[in-house]
Amino acid sequence: MADAEKAVLGPLVGAIDQGTSSTRFLVFNPKTADLLNYHQVQIKQEFPKEGWVEEDPKEILESVYDCIEKTCEKLGQQSIDVSNIKAIGVTNQRETTIVWDKVTGEPLYNAVVWLDLRTQSTVESLNKSISVSNNFVKTKTGLPISTYFSAVKLHWLINNVRKVQKAIEDGRALFGTVDSWLIWNMTGGVQGGVHCTDVTNASRTMLFNIHSLQWDEELCNFFGIPMSILPRIRSSSEIYGLMKTGALEGVPISGCLGDQSAALVGQLCLQDGQAKNTYGTGCFLLCNTGQKCVTSEHGLLTTVAYKLGREEPVYYALEGSVAIAGAVVSWLKDNIQIIKASKEIENLAEKVGTSYGCYFVPAFSGLYAPYWDPSARGIICGLTQFTNKCHIAFAALEAVCFQAREILDAMNRDCGIPLTHLQVDGGMTENKILMQLQADILCIPVVKPAMPETTALGAAMAAGAAEGVSVWSLDPKDLSLVQMEKFEPQINAEESEVRYSTWKQAVMKSMGWVMTETVEPSIFSSLSLGIYVVSSMVILIGARYI
């Protein structure tokens, strides 16, 4: 690239996208919103017990540093000077919980991932302790008490991990979601690292009051969390600190958004009523409700969408969360081994073009919105001798779409104005069969941006727009129009409704499978069985003397 071309390129912005299954560092041109280059590293998940999901915080951190260095090397090969990178944004898997020692910098336990179910019994006991008519947790946080959110994970760590207890007693413990862990380390760690989080990530902890935008003492007391270990709350777009190491040393970290909020910004859903759906490990549909905090009556979450600057207003969203979307493809690949690579599922589904009456409910981590039933478990039903792996693959893709339909229906009821189209993003949107199925099942067009990296783009926009950086304008007239690919419904609404209603029957069958409290089996635990046994004994004894 000639020197003149370098000058035209102008300032660039980087984005760390730390997801559940991988980490990436991407670099964008703010003038055009074009992606210039990126590097990706897979993250290993650990499953110590059934329902437990963990990751190594040090592996997460090293993956970030590795991605930054490799991306900078790739930019160098394109003759792009990395000194053009003027800001870094962070977007991350939300709710995943980390506690570390601020003196040594060492994690005190593995990261407990958002999917983790170990706190199910805690959730049930906490739910029993709250009056339905005065659910102060939901009123303050917009969230149901669920295994999904950080507070119950942190509660478990404090009560079950001695190293965490000791660090809290000694005043050495820090808690954070993944964004806090990364920013603390990248801004110096034990040498003065900044312990902070943004309003979007804070709103997923169940410790944050979404109205006052502060940690809430009543919530912290309820969950048994000392407020001293919590990070400072900041907006989603401001300078938090400077990178202290690596190729980008000295560059400000100035954007922070939980991944679904980042995708909302990246999709330019910046007005009341605009919505997007992200298809990743899980599936997350967010609708911007503007500066109004809308309470859901249909199983959705009220959450913070973004606050793009210290003096800017906070925007809220309604969110429907599905635990298992892309994860069902990984399950078919790793556990059942009917495919060798995730991309193969599209080929299998295309061969049959139907599930042939087979329905798949992938409730591996219970059911999230709109049911919030942690006792549900995955089922495949409607099997016949004719069913083969192609039908199961098709049913798995349909399951993702049916789950999105349930959330969209709930959102339409809460908002009162049905969506006329759905904007989509995330890794699974590369699957054209899935996108067509989604349009067919929703009976509205599905619109996909030509540049799919909207989550990282949203983090880059927030970082580039921060006061003191100001290389990215968020004025609607300055935002680049995104080229879209549209999928129109191709089946009639009646057929769609039949398939959807059958899916709902399957969902009902998946619920109530797991009880947290196991009762020792007793022949008298069932009244009718007890009467039968006692009466049989009487007859036998009586017969002996006849």
Handout entry: Donor on one side chain, acceptor on other, Trp114 and Thr20, under 3.5 Å
Key = yes

Exercise for the section: Apply the test side chain to side chain contact (heavy atoms under 4.5 Å, CB included) to residues Asp56 and Lys44: give CA-CA distance (whole Å), side-chain angles for both, the deciding distance (0.1 Å), then the verdict. Expected result: CA-CA 8 Å; Asp56 180 353; Lys44 182 186 175 188; over 6 Å; no

Practice task
Look at the side chain of Asp414 and the backbone N and O of Glu297, then say whether any donor-acceptor pair between them is shorter than 3.5 Å.
Solution key: yes

Exercise for the section: Answer yes if the side chains of Thr278 and Gln260 hold a donor-acceptor pair under 3.5 Å, and no otherwise. Expected result: yes

Problem - Pairwise side-chain contact, Val41 with Lys70, heavy-atom cut-off 4.5 Å (strictly under) - result: no

Practice task
Check whether the side chains of Thr23 and Ser63 place a donor and an acceptor atom closer than 3.5 Å, and report yes or no.
Solution key: yes

Exercise for the section: Mind running side-chain hydrogen bond (donor to acceptor under 3.5 Å, both in side chains) on Thr119 and Thr147 for me, showing each step along the way? Expected result: CA-CA 6 Å; Thr119 56; Thr147 58; 4.9 Å; no

Problem - N-O pairing of Arg204 and Glu319 below 4.0 Å - result: yes

Problem - Flag, side chain of Thr96 to backbone of Gln93, donor-acceptor distance under 3.5 Å - result: no

Practice task
State the CG-SG distance between Asp272 and Cys287, to the nearest 0.5 angstrom.
Solution key: 7.0 Å

Handout entry: Tyr109 and Glu54: CA distance, side-chain angles, deciding distance, side-chain hydrogen bond (donor to acceptor under 3.5 Å, both in side chains) verdict
Key = CA-CA 9 Å; Tyr109 191 80; Glu54 299 178 1; 2.7 Å; yes

Exercise for the section: Output yes when a side-chain donor or acceptor of Asp259 lies under 3.5 Å from a complementary backbone atom of Thr91, and no otherwise. Expected result: no

Handout entry: Side chain to side chain, Leu143 and Val137, heavy atoms closer than 4.5 Å
Key = no

Problem - Interatomic spacing from CD1 in Ile98 to CD1 in Ile60 - rounded to 0.5 Å - result: 5.0 Å

Handout entry: Atom NZ of Lys138: over 12 foreign heavy atoms under 6.0 Å
Key = yes

Practice task
Inspect the surroundings of CD in Gln42 and state if more than 12 heavy atoms from other residues, nucleotides or ligands are less than 6.0 Å away.
Solution key: yes

Exercise for the section: Side-chain contact test, heavy atoms from C-beta onward, threshold under 4.5 Å: evaluate it for Ile85 versus Val13 and give yes or no. Expected result: no

Handout entry: Gap separating the CG atom of Asn110 from the CD atom of Gln45, nearest 0.5 angstrom
Key = 11.5 Å

Handout entry: Side-chain donor/acceptor of Thr97 to backbone N/O of Glu95, under 3.5 Å
Key = yes

Practice task
Kindly say whether Val424 contributes a backbone atom to a donor-acceptor pair with the side chain of Gln267 at under 3.5 angstrom?
Solution key: yes

Exercise for the section: For Ser375 and Gly512, indicate whether the former's side chain and the latter's backbone hold a donor-acceptor pair under 3.5 Å. Expected result: yes

Handout entry: Closest non-hydrogen atom pair between Ala395 and Cys358, with its separation
Key = CB-O, 3.5 Å

Problem - Candidate pair His39 and Arg24, rule side chain to side chain contact (heavy atoms under 4.5 Å, CB included), full reasoning - result: CA-CA 6 Å; His39 187 75; Arg24 293 178 299 168; over 6 Å; no

Exercise for the section: Validate the cation-pi geometry between Arg94 and Phe284: distance from NZ or CZ to the six-membered ring centre under 6.0 Å, angle to the ring axis within 45°. Expected result: yes

Problem - Distance flag, aromatic centroids of Phe360 and Trp503, threshold under 6.0 Å - result: no

Practice task
Verify the neighbour count for atom OH of Tyr356: are there more than 12 heavy atoms of other residues, nucleotides or ligands below 6.0 Å?
Solution key: no

Handout entry: Criterion side chain to side chain contact (heavy atoms under 4.5 Å, CB included) on Leu457 and Leu35, from CA distance to verdict
Key = CA-CA 8 Å; Leu457 178 62; Leu35 173 62; over 6 Å; no

Practice task
Using a 4.5 Å cut-off on heavy atoms from C-beta on, say whether the side chain of Leu36 contacts that of Phe28.
Solution key: no

Practice task
With the side chain counted from C-beta on, respond yes when Met511 and Tyr371 share a heavy-atom pair under 4.5 Å apart, and no when they do not.
Solution key: yes

Problem - Residues Arg118, Asp116: salt bridge by 4.0 Å N-O rule - result: yes

Exercise for the section: Locate the shortest heavy-atom distance separating Leu12 from Pro30; write the atom from each residue and the value. Expected result: CA-CD, 3.9 Å

Exercise for the section: Using a strict cut-off of less than 4.0 Å between a Lys/Arg side-chain nitrogen and an Asp/Glu carboxylate oxygen, indicate whether Lys504 and Glu406 qualify as a salt bridge. Expected result: yes

Practice task
Determine the interplanar angle of the Tyr500 and Phe402 rings, folded into 0 to 90°, and report it as parallel if under 30°, tilted if 30 to 60°, perpendicular if over 60°.
Solution key: parallel

Practice task
Inspect the contact between Glu497 and Arg405 and indicate whether a charged nitrogen and a carboxylate oxygen are less than 4.0 angstrom apart.
Solution key: yes

Practice task
Could you tell me whether the side chain of Glu344 and the main chain of Lys340 form a donor-acceptor pair under 3.5 Å?
Solution key: yes

Problem - Distance, nearest 0.5 Å, that separates CD1 of Ile80 from CG of Leu75 - result: 5.0 Å

Handout entry: Exercise: identify the closest heavy-atom pair between Thr387 and Gly382
Key = OG1-O, 4.3 Å

Practice task
Check whether any side-chain heavy atom of Tyr38 sits under 4.5 Å from a side-chain heavy atom of Lys74, and report yes or no.
Solution key: no

Practice task
Keeping the roles fixed (side chain from Gln274, backbone from Gln271), state whether a donor-acceptor pair exists under 3.5 Å.
Solution key: yes

Exercise for the section: Return the minimal non-hydrogen interatomic distance between Leu367 and Val361, and the atom names on each side. Expected result: CD2-CG1, 4.4 Å

Exercise for the section: Report the C-alpha distance between Phe47 and Trp52 in whole Å, list the side-chain angles of each, state the deciding distance to 0.1 Å, and finish with yes or no for ring-ring contact (aromatic ring centres under 6.0 Å, His included). Expected result: CA-CA 5 Å; Phe47 306 95; Trp52 293 30; over 10 Å; no

Fill in the blank from the handout: Rounded to the nearest 0.5 angstrom, the CD1-CG distance for Ile16 and Leu26 is 10.0 Å

Exercise for the section: Answer yes or no: is there a side-chain heavy-atom contact under 4.5 Å between Trp181 and Leu61? Expected result: yes

Exercise for the section: Determine the interplanar angle of the His391 and Phe386 rings, folded into 0 to 90°, and report it as parallel if under 30°, tilted if 30 to 60°, perpendicular if over 60°. Expected result: tilted

Exercise for the section: To the nearest 0.5 Å, tell me how far Lys351 NZ sits from Glu346 CD. Expected result: 13.0 Å

Practice task
Could you tell me whether the side chain of Ser342 reaches within less than 4.5 Å of the side chain of Lys333, counting heavy atoms only?
Solution key: yes

Practice task
Using only heavy-atom distances, determine whether the side chains of Asn288 and Tyr316 contain a donor-acceptor pair under 3.5 Å.
Solution key: no

Practice task
Using distance alone, with no hydrogens and no angle criterion, decide if Thr71 and Asn37 have a side-chain donor and acceptor under 3.5 Å apart.
Solution key: no

Practice task
Check whether the side chains of Thr200 and Ser236 place a donor and an acceptor atom closer than 3.5 Å, and report yes or no.
Solution key: no

Completion exercise
For Lys448 and Glu430, the nearest pair of non-hydrogen atoms, with its separation, is NZ-OE2, 3.6 Å

Exercise for the section: Check whether the side chains of Tyr368 and Gln403 place a donor and an acceptor atom closer than 3.5 Å, and report yes or no. Expected result: no

Fill in the blank from the handout: Correct closest heavy-atom pair for Gly299 and Trp372 would be O-NE1, 2.8 Å

Problem - Carboxylate-amine/guanidinium contact Glu495 Arg499, below 4.0 Å - result: yes

Handout entry: Flag, side chain of Asn412 to backbone of Leu419, donor-acceptor distance under 3.5 Å
Key = yes

Exercise for the section: Answer yes or no: is there a donor N or O on one side and an acceptor on the other, between the side chain of Asp66 and the main chain of Glu62, under 3.5 Å? Expected result: no

